[in-house]
Amino acid sequence: MTRLSVEMLAADTVEPITSAGHAQLGIAVLAGIAVIVVLITQFKLHAFLSLTIGSLALGAIAGAPLDKVIASFTAGLGTTVAGVGVLIALGAILGKMLADSGGADQIVDTILAKAGGRSMPWAMVLIASVIGLPLFFEVGVVLLIPVVLMVAKRGNYSLMRIGIPALAGLSVMHGLVPPHPGPLVAIDAVKANLGVTLALGVLIAIPTVIIAGPLFSKFAARWVDVPAPERMIPQRPSEELEKRPGFGATLATILLPVVLMLSKALVDIVIDDPADLTQRVFDVVGSPLIALLAAVLVGIFTLLRPAGFGRERLTPLVEKGLAPIAGILLIVGAGGGFKQTLIDTGVGQMILDISKDWSIPALLLAWLIAVAIRLATGSATVATVSAAGLVAPLAADMSTTHTALLVLAIGAGSLFFSHVNDAGFWLVKEYFGLNVGQTIKTWSVMETIISVVAGGLVLLLSLII
């Protein structure tokens with residue numbers, strides 16, 4: 001980054017709430033992150049409370065007045081929730097509609113009916129990637145596990161040969177592709193273009209999921225050869241339904257927001273005239289809020305009506321869809337508060353000042369910071385929001401494409417080596433009936449492959465575009 005660009009950024013930056021030097025700020029950052037890590041891992045405190053306390057600790061050690069630290073944290077929390085809260089809520093509603101209507105099962109069954117033999121791992125990664133677009137990772141796991149176990153049992157497949165591709169598809173979507181919470185928060189923090197980030201995220205996700213899914217599953221199946229546990233085969237949602245939506249209508253509903261957001265990005269590139277009516281129309285219909293809202297409204301007619309859901313079932317369904325995301329919204333909001341505290345205490349500017357003399361690329365720095373926080377806290381979301389806050393100033397001098405790649409570098413780093421401090425680790429272990437060592441050999445290695453491959457592709461793309 002040039003000296004001129006640093007001076008321009010400094011001129012636009014709000015005056016820090018502390019005059020601490022770089023050494024004190026550095027210690028404050030390490031202490032703040034350490035507080036978060038210890039509270040989450042040792043005291044098992046909820047990430048929302050841990051991030052709140054860590055933000056206060058960061059400000060106090062940096063020497064900032066406590067009232068100003070509180071103001072920074074609450075402002076960051078409010079801004080973040082305002083920016084992504086509605087999108088997360090709409091995504092949760094769409095995911096609940098997809099699951100309860102039997103639409104997800106319809107896609108699964110249709111694809112599996114046309115797949116068999118060697119193509120089955122590829123079918124599983126396709127299913128997981130499509131269904132993973134609107135679903136949170138945990139919801140996707142719960143939804144797909146019955147399918148994975150039944151396919152492995154009935155087809156006499158190795159559980160890892162089928163399970164790893166499904167997990168890879170869900171995990172890659174969760175870390176790299178909006179409208180998942182992590183990418184949305186990072187996009188908001190570094191002011192990236194959502195359409196461009198979505199397009200590049202899909203571009204990077206395809207080879208990443210192939211390598212970490214069907215290809216790696218060959219080795220995982222040799223390392224860990226276990227049968228599908230009978231006790232873990234739960235009932236599928238659609239087994240209680242008399243009818244369910246069609247394959248084409250369900251797929252179109254899932255892909256509608258993606259198509260609208262990508263269309264906006266394409267129109268912005270082709271026309272690039274804010275006064276043009278076509279661009280203004282696509283700026284509206286391709287905005288994340290309208291795109292997801294449109295999918296939810298369309299889903300009422302394409303998913304719920306065909307499944308026999310009347311009006312009286314819509315409100316309870318929405319309420320059940322929103323209930324599980326309360327914790328996610330609080331974590332994301334607190335992460336935004338932590339990010340704002342980092343910025344207002346001058347940490348962002350400190351990293352800007354130090355990194356301009358380093359030879360390490362900004363994208364690699366973002367990946368490494370996300371990796372460190374992921375390893376320490378076990379949370380991909382905490383790693384994403386914290387890393388985004390730390391490296392946000394680096395985006396000021398970047399092009400639109402490189403800002404999008406910065407988001408993807410953070411997302412890739414946030415998936416690195418899931419281990420015993422990650423709830424996803426135990427979810428996979430219990431559902432697949434593995435021990436800790438087997439889970440590390442399969443799930444943890446798969447997550448590391450995703451992180452490294454996606455991070456490498458981000459750096460490679462940064463040299464080309």
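These numbers come from a predicted model, not from an experiment.
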Q. Is the cationic atom of R222 (NZ for Lys, CZ for Arg) positioned less than 6.0 Å from the six-membered ring centroid of F219 and within 45 degrees of its normal?
A. yes
* Asked: Looking at F301, does the NZ or CZ of R305 lie under 6.0 angstrom from its six-membered ring centre and within 45 degrees of the ring axis?
  ->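 No.
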What's the verdict on side-chain contact (heavy atoms from CB on, under 4.5 Å) for V285 and K264, showing C-alpha distance, side-chain angles and the deciding distance?
CA-CA 8 Å; V285 299; K264 175 188 178 300; over 6 Å; no
So which heavy atom on [X] is nearest to which on [Y], and how close?
X	Y	value
G213	I164	O-CG2, 3.9 Å
G246	Q106	C-CG, 3.9 Å
A366	A387	O-CB, 4.5 Å
L322	A89	CD2-CB, 3.7 Å
V196	A404	CG1-CB, 3.9 Å
F416	W367	CD1-CZ2, 4.0 Å

[X] [atom1] to [Y] [atom2] distance, which is reported to the nearest 0.5 Å:
X	Y	atom1	atom2	answer
T52	H46	OG1	NE2	10.5 Å
I187	L198	CD1	CG	8.0 Å
F338	I36	CZ	CD1	4.0 Å
L394	L365	CG	CG	6.0 Å
H402	D397	NE2	CG	11.5 Å
L87	S287	CG	OG	8.5 Å

Is a side-chain N or O of [X] found less than 3.5 angstrom from the main chain of [Y], in a donor-acceptor match?
X	Y	answer
Q340	G337	no
H419	L375	yes
S451	T448	no
T302	V298	yes
S101	A307	no

Could you please spell out the steps behind the salt bridge (charged side-chain N to carboxylate O under 4.0 Å, His left out) verdict for D109 and R244? CA-CA 12 Å; D109 293 344; R244 58 190 187 186; 2.6 Å; yes
Does S418 form a side-chain hydrogen bond (donor to acceptor under 3.5 Å, both in side chains) with S444? I'd like the steps, not just the answer.
CA-CA 5 Å; S418 163; S444 300; 5.2 Å; no
Residue set satisfying ring-ring contact (aromatic ring centres under 6.0 Å, His included) with F216, at least two apart, ordered chain then number -> W223
Test side chain to side chain contact (heavy atoms under 4.5 Å, CB included), reference L94, set T253, L256, L293, output is T253
* Checking side-chain contact (heavy atoms from CB on, under 4.5 Å) for the pair V453/I204: CA distance, chi angles, key distance, verdict? -> CA-CA 9 Å; V453 171; I204 290 172; over 6 Å; no
Exercise. With side-chain contact (heavy atoms from CB on, under 4.5 Å) as the test, would you mind laying out the steps for L194 and M261 before giving the verdict?
Key: CA-CA 8 Å; L194 189 141; M261 287 187 279; 3.0 Å; yes
Set of residues satisfying side chain to side chain donor-acceptor pair (under 3.5 Å) with respect to T79, sequence neighbours excluded:
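Checked T79 against side chain to side chain donor-acceptor pair (under 3.5 Å); zero matches.
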- Item | Close side-chain approach of V436 to K429, heavy-atom, < 4.5 Å | yes
Q | Pairwise salt bridge (Lys or Arg N to Asp or Glu O under 4.0 Å) hits with a residue in residues 445-458, at least two apart | A |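 Sorted pair list: R374-E447.
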Take S217 and M160 through the side-chain contact (heavy atoms from CB on, under 4.5 Å) test and state the conclusion after the steps.
CA-CA 6 Å; S217 69; M160 291 299 105; 5.9 Å; no
